[in-house]
Every structure is written in structure tokens, then in C-alpha cells.
Asks: 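One structure is given below, represented as C-alpha cells, and several questions about it will come after.
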Amino acid sequence: MLDGLLDAVRVLDLCSGNADEVTRLFADLGADVLKVEPPGGNLARDELPTLAGASIPFAVHNANKRSAVLDPLEESDCSRFLDLAAYADIVVDSGLDGLAGAFGTSAAELATQYPHLVVLSITDFGATGPWSSWLATDPVLYAMCGSLSRSGAATGKPVLPPDGIASATAAVQAAWAALAAYYNRLRCGTGDYIDFSRFDAVVMALDPVFGAHGQAAAGNRGAGLWRGRPKDQDAYPIYPCKDGYVRLCVLTPRQWHGLRRWLGDPEDFQDPKYDVIGARYAAWPEIGVLIRALFAEHTMKDLVAAGQAHRVPIAAVLASSQVLDSEHFQAVGAITDAELVPGVRTRVPTGYFVVDGQRSGFRAPAPTAGQDEPCWLTAPPVVPSPPGKLGDYPFSGLRILDLGVIVAGGELSRLFGDLGAQVIKVESTDYPDGLRQARGGDAMSESFAWTHRNQLSLGLDLRSGEGKEIFGRLVAEADAVFANFRPGTLAALGFSYDKLRAINPRIVLAESSAFGDSGPWSVRMGYGPLVRAATGVTRLWTSDDPEHPADTGRHAFYDATTIFPDHVVGRVTAIAAMAALIHRDHTGSGSRVHISQAEVVVNQLDTLYVTQAARAAGITRIRDDTSLHAVYPCAGDDEWCVISIGTDDEWRRATWIFDHQEWADDPRFATGESRLANRRELVELVSVWTRMRTPVRAAELLQAAGVAAGPMNRPPDILEDPQLIERKLYCDMEHPLIDRPLPAETGPAPFQHIPLAQQRPAPLPGQDTREICRNLLGMSTEQTERLIHDQVLFGPA
């Protein structure tokens, strides 16, 4: 058996900077990732922040890889480079910053020269479209993807999230696209060229406007529409306590009853009407007074313990240092104490993946430049003739049993269904998927229509003996089971992974949960807002802007309206599931993969957390990133743009655009350190210029000078964005139960040999029960109808 799920895969890493995160994912899963560097090493080795003179992001994102130095000016090295490409499976390049061009070729030319290759070319905005030459930073991507328009106080300046989330999300999407194309190569023998845009990826995968928990109507323009951020910023309220803050997530009647008991069963709130969430929200100002009084004298730890005892979803709002020190992350091995750079040990997030109960993450620090020979570790494998046809969907023939719910579970199965897998969504009458909750009078929610397109619905009671027997028969012929239940639920239903493997040794089980399936926090009730609070994101998603005054009595955290990390968790789980299926096809043996939402968050912010961990450990040889990212007001009603100044040269170029060249040498702004120290003054001065221009115009002028900037897009702007239109990111999806077309993504990336995503309408509950029983299980009509009568099965209402 292979040691890693991707041990049979060879990845030629020609990239730099943010693209390094992509190949780290492959390396974590066991791929042989060989990074080719020029003499002197990759320029990203100097990227800030640094630890003892070594780049922290480079060190973190190049762990588990090998490094070879090749000189593009040497003919023999150029020949070696092409030999490496000829025997690779996947090549990852980062456009103008990548190495392919230095060797006299390009990513597209490599794909043509070696048709078996999957070539992933990663750039900020893609190789086509009016903004293909633009530059992006994390804040610029966040502004342009539509998420900034929903982040922050209802009025005033929007609030940027922690730096790193957008780039890490794009990396996950890129890895998923590459693995899908590689699986297609295994099926049909032909690789692919993927012109990958980080902007496209963040629009689709971070906080998508048109996806689960989005609204198609948000894309409409009209007079009188609210221009600020969502007015309800406290749907998941945060309260101060003795040593910090805690967050509540009270959604169900049962959770409300637990909170009410915890509050001493106040007489004023015994009316059954408060079981309805709308009535509770209306009365929450009064309920909040009682909560504040109760929480004020208790610590975060005591409140979390008490909340869990009362079955009330609660989490401490932790700082990043508290997260890394927590008993949970230490107990489950999610944090590794490692020599990240030569001579310096610090704590490092281990990685996203747990495979068959073992961590598949950080094993070895980033190599020194040229540490390894420019060759592959093993001889080329003998590849049997592929059975598939070029142009078909890559996952045709795969059968997935989907027990997943809400966003993280739904996104996982959608990604497979879009690319041809047969996905059977197993549904319960007693515990319906939350995405099925629709507005009054609607037969189906838009969220469900987006997330569960291309799927079949089987109504099945898994708690009944006959229901278990039916599910077991489906498992016997399936390729994978997907679930995101609370840990232990699937086993309690009689389908532990050992049981599934006994039925079908080739089965892959892909699961996710809030805090993982082991450790002290694994038993906690988990929702996205609680995961963000417990992993430090909430504390980092804040503002010190004077337009968000602290004396209003409200805390300063603004992450309530994001869905992060749900969408990216679905994609991380998809990568692990795909790797397990690739491994299964090589070995004949299935695997179980489990993804913790909390660990996804920590790994998305790895550079930030490693930097803070090193500082907390008393390491003084840290040089911080002095980039200045800020939100600026523009002409119009609540219009904003983001400008990123990373270097002194970028600042000098920006001052020419501002027509204030004297600012370049002004001691207040001449260096990165001085710009950060005088941030407020600099923002006020630049705001005079931005207020005279629309967000798009301000961004165009700065981008023309080589300075990263972008407009704050709202949902209608996303649909009208010329770059996204040129790249055909969306198409209209029709559903017979929804009276308007829904903008739907056309696929994870623009492939050359994989069709656009399928568009079959999402099913009603139990819509396909009879068909599945007849065609897959060979049951007679009489058998099926008896089981429907006995409520073992259910069909459409």
C-alpha cells in the first residue's frame, strides 16, 4: 500500500509566492513535489514576514517538497527541465512570476508539447480579459469578490478580514481543479491546460454571492436599495465576560430551552412563541440584558463549560495565541513544534488532512535551494490504457452517497455532481437539510437549487432496520460516502468506517465536522460562527477605524455576515476525497478522510499564526510585513476601493498617480514602517484623491502604474464585471420551481478538455426514491410501495 494518498503523483513546481500554497497541498497528501529554482533561489525566499532572515510564508508553504536548481542560461539545464516536465503528472506555474518563461517556453506550450500533463497556470486575474494584467493582494481580491460590501458596521467604512484568507481559498480551489483534471487524465489519457484566475476562485469559493446562503435577487439594481452593510450584525451575538468574550449561536427551540434554563427560567420568556426564532430575535434586546448580567462575572472557560452542559452552542472568542495554546489543538496534533527555518523552532499548523486517523501534513521543513537532484524519485509507472473518452465528464461512473447537509456538506457533493458523478442525496423526513428551508410560499430555496443541482434524492429512514439494509446495499456498489454529521453519528447509525469497509473494501468515506472527530472540542456543537470565534478569526476580523466607535457599547468584531469557512471546507474535503479515490484506483483499497473546520481556518491563516507564535515564544529575529492595505472612500453613495502598497517603489509610483510626488520622500511615508506608523494620516490624504473618482476609475489608474487596487463590488457589480463576463464564470441556471434564472458557476476553472458544469435541476425531497429502488436496487414496485407505506422510504409529497 502507498504511504500517501498521492504518492503516485509527480508535481513539477515552477511557481512562486501565493501559488506555493497549491503545491503544498499536494505534498501534504504524499505527492513528490519538486520545486525548480534559479541560481540563488526563488525570490519568494525573501518574502516578508521573515524569521531569522528566512521567509515565513515560503517556509510554511514549501514544507514537504524537494528543491532543485536549474540555470535557464545553461543548455544542459534546459534539457533537464524539459525531461522533468516530460515525466511529470502535474505542472504548476505562476504566470509571469513562474519559471516556464525563463526556460523559453510557457505553461500553455508545455501542455501542448506533453499532452498527458495537467498544467495549472496561476495568475491574479487569468490570462484573458480586460483586467488580465492587474495585480491583486488579499484585500483587493476580498473587495472585488463582493464580500467586503457585506463586512463591517451597517454604515461607515467596510472592514477587511484577516490577511491570508482570500489567497488560501484560491489555492484550495486551484488544487481541486488540478486534481479533477488529473483524474480525468487517468480516465481518458489526456491532460489539460488550466488558465487559473485567483479572482475567479475567490468569487466562487470564499463567500459566494450566488451560492448557498446567497440570493439571486441581490444581483438586481434598483433605486432606494440599502447601500450599506447588512443591518443585522449580531445574529450570532457576542457578550463580554470576566476575561474576554463569548459567542452564542441559539437557533433551535431545544437550544433556546437550554439557554432559558441557564438564565434561571425567567417568567417573561416562558411563552411558546419564543420557540420561533423570529420572536426571539424581536425580544433579544431584553434577553441580552439577562445574558450580560449572567456572563459578566464568569470566565470564558467556565461559560463554555456551562453552555455545553445546557446544550447551548457557545464558544470563547479567542486570540490566535490562545488558539495555538489550547488543549484541543495540542491534543489532536493540529499544531507541530518544528524547526521551520534553520536553527529556529516554532509552532506551525500541521495541515488540513487526516487520513485513516493519521495526520497527513507537515513532515519536513522547506528545502534549501538546490538541496535535491533534478530527477524524480521513482521510475515512470506503467500506465494501462485508459478506458474513457476525451470530452466526457471526469467523474462519469462514480457513485456518491451523500449524507451531507447545509453548506460544507452540500458544497462537497456539488463539486462532484457538477463534473459528472452520480450523487444520491440521502434525505430524512425528521431531519431535513437546513438548506431546504425556503421563504413562505416557495417550493425550494435558491440555496438548495444552487447546491444540490445534478443530484438524485432518496428518502430513507436510516434508523430503521430495513432502511439500514437498503443503505448497505447502496454502499456495496458505491465509490464514496460523504457526511458532515457530528462525530459519532454515522457510527451510531450502524455505519462506522469499519462497517462500511466490511461491506465494500473499496469505499471512500469523506467527512467534515466543526472541530474534528477527536480531542476535547470534538463533542462541542459547532456552527461556522462558533468555529470562527474559537479559532481567532473573530478577534482578527475587527476595525480600529474612528467611524466604528467603541463607546457605542458594541464589541468591535465584524465577522457575523460571512459564511467562511463553510465553502472552503467543502473544497478541502473534496480534495481529500479525490486523493482517496486516486489512491483507491491504484491500490484497490478505500480510505477515510476527515476534515476539521477549525483546522481549516488555522491553516488558512498559517503565516499570521506562525508569526504570532514565534513572537509569543520570545523570538526576536522577526521582520514584519510592512505592506499597507486600506479601504478608501470614493465618489458616490457608500462607494469604496482598496489600495495595497507593498514596497517603497509602489508608493513612489502611487504618488505620481495622486499628483503628490513629494509624498514619496516625505519622512512620514517614505518607508513601510513610517507608512504604517502614520497610517491614519496617509489614508486621510489619499482619500482626498479617491473621493474624486469612482472605485473602478481609481483602481484603473493605480493598476496602470503597477499598484494593486480594486473596487468594492456589490452583487450587481459581480454580474456586470467585465473580467468575469469575459471568462464566462456564470451562466443562467433554470429551475422549474423558481421563477427567475439563477446565476450559477460554470465550473471550478476554465478547462480545455472538461465540459462546463452540468445544470440538472435540484430534486424535491424523495423525488427519485422509486427510480433508485427500481434501477439500482432491483426492487419491485410492490416492495417499494410497501416500504413507503411503512415510512422506511418516502417519495415526493
Side-chain angles (χ1 to χ4, degrees), residues 15 17-26 28 57 60-61 92 94 120 122-126 136-148 150-151 160-180 194 196-214 349 351-353 407-408 411-412 414-415 512 528 531-532 535 537 540-541 559 561-576 595-609 629 642 710 713 718 724 729 745 747-749:
C15 48
N18 292 312
D20 286 340
E21 298 182 59
V22 181
T23 45
R24 164 70 196 271
L25 295 173
F26 299 145
D28 280 5
V60 172
H61 299 146
V92 183
S94 47
L120 181 70
I122 301 173
T123 55
D124 287 342
F125 289 90
T137 60
D138 244 63
V140 166
L141 290 173
Y142 191 75
M144 294 184 67
C145 79
S147 297
L148 183 63
R150 306 192 298 277
S151 175
L160 289 167
D163 195 30
I165 287 175
S167 292
T169 296
V172 168
Q173 181 84 347
W176 165 246
L179 275 190
I194 306 170
F196 188 87
S197 157
R198 298 203 306 136
F199 175 43
D200 293 1
V202 173
V203 169
M204 289 187 280
L206 178 55
D207 237 345
V209 174
F210 305 110
H213 288 328
Y352 293 111
F353 307 111
V407 179
E411 279 291 277
L412 168 61
R414 180 188 67 78
L415 293 168
S512 67
V531 169
R532 294 194 299 273
T535 55
V537 171
L540 292 166
W541 205 310
D559 70 320
T561 56
T562 182
I563 310 170
F564 177 80
D566 286 17
H567 288 276
V568 73
V569 166
R571 285 158 173 81
V572 172
T573 313
I575 291 169
I595 303 299
S596 157
Q597 290 195 26
E599 291 170 28
V600 166
V601 171
V602 171
N603 282 277
Q604 293 256 298
L605 294 170
D606 49 15
T607 296
L608 175 62
Y609 282 18
H629 311 287
V642 166
N713 284 331
I718 296 294
L724 300 179
L729 191 78
E745 63 184 69

Asks: Looking at R571 and W176, would you say the former's side chain and the latter's main chain have a donor-acceptor pair under 3.5 Å?
Replies: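 No.
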Asks: Taking the side chain as every heavy atom from C-beta outward, state whether H629 and Y142 have any atom pair closer than 4.5 Å.
Replies: no
Asks: Evaluate the side-chain contact (heavy atoms from CB on, under 4.5 Å) criterion for residues L160 and L148: first the C-alpha distance (whole Å), next the side-chain angles of each, then the deciding distance (0.1 Å), finally the verdict.
Replies: CA-CA 7 Å; L160 289 167; L148 183 63; 4.0 Å; yes
Asks: Any idea which heavy atoms bring V602 and P349 closest together, and the distance?
Replies: CG1-CG, 3.7 Å
Asks: Show your working on side-chain contact (heavy atoms from CB on, under 4.5 Å) between L608 and D163 and close with a plain yes or no.
Replies: CA-CA 8 Å; L608 175 62; D163 195 30; over 6 Å; no
Asks: With heavy-atom distances below 4.5 Å as the criterion, would you say the side chains of I595 and V600 are in contact?
Replies: yes
Asks: Identify the heavy atoms of T573 and S512 that sit nearest to each other, and give their distance.
Replies: OG1-CB, 3.8 Å
Asks: Does any non-hydrogen side-chain atom of T123 lie less than 4.5 Å from one of F196?
Replies: no
Asks: For D566 versus G528, what's the shortest heavy-atom pair and its separation?
Replies: OD1-CA, 4.2 Å
Asks: Measure across P162 and D138 and return the closest heavy-atom pair with its distance rounded to 0.1 Å.
Replies: O-OD2, 4.5 Å
Asks: For the pair Q173 (side chain) and V202 (backbone), establish whether a donor and an acceptor sit closer than 3.5 Å, ignoring hydrogens and angles.
Replies: no
Asks: State the CG-NE2 distance between L206 and H567, to the nearest 0.5 angstrom.
Replies: 9.0 Å
Asks: Just say parallel, tilted or perpendicular for the rings of W541 and F564, cut-offs at 30° and 60°.
Replies: tilted
Asks: For T23 and D20, indicate whether the former's side chain and the latter's backbone hold a donor-acceptor pair under 3.5 Å.
Replies: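 Yes.
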Asks: Give, for atom CD1 of I575 and atom CG of L412, the distance between the pair rounded to the nearest 0.5 Å.
Replies: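 One finds 11.0 Å between CD1 of I575 and CG of L412.
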Asks: Are N603 and V572 side-chain neighbours, meaning at least one heavy-atom pair lies under 4.5 Å?
Replies: no
Asks: Among L141, I718, V209, find the one that has a side-chain contact (heavy atoms from CB on, under 4.5 Å) with V203.
Replies: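 One option only clears the test, and that one is I718.
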Asks: Under 4.0 Å between a Lys/Arg side-chain N and an Asp/Glu carboxylate O for E21 and R24?
Replies: no
Asks: Will you find, in the side chains of S167 and R198, an N or O donor that is under 3.5 Å from an N or O acceptor?
Replies: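 Side chains of S167 and R198: pair found under 3.5 Å.
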Asks: Are side-chain heavy atoms of Y352 and V172 found at a separation under 4.5 Å?
Replies: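 They are in side-chain contact.
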Asks: Where is the tightest heavy-atom contact between A177 and I194, given as atom of each residue plus distance?
Replies: O-CD1, 3.8 Å
Asks: Output the distance between atom CD1 (I122) and atom CG (N18), rounded to the nearest 0.5 Å.
Replies: 9.0 Å
Asks: I'd like to check P161 versus D559 (side-chain heavy atoms, cut-off strictly below 4.5 Å). Are they in contact?
Replies: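 A side-chain contact under 4.5 Å is absent here.
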Asks: Quick check: do V537 and T562 have side-chain heavy atoms less than 4.5 Å from each other?
Replies: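 A side-chain contact under 4.5 Å is absent here.
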Asks: Answer whether the closest heavy-atom distance between the side chains of F199 and L724 falls below 4.5 Å.
Replies: yes
Asks: For a quick check under 3.5 Å, do T169 and Q604 share a side-chain donor-acceptor pair by atom type?
Replies: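 There is such a pair (donor and acceptor under 3.5 Å, judged by atom type) between the side chains of T169 and Q604.
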Asks: Does the N713 side chain pair with the main chain of C145, one donor and one acceptor, at a distance under 3.5 Å?
Replies: no
Asks: For V407 and A212, work out which heavy atoms get closest and say how close.
Replies: CG2-CB, 3.8 Å
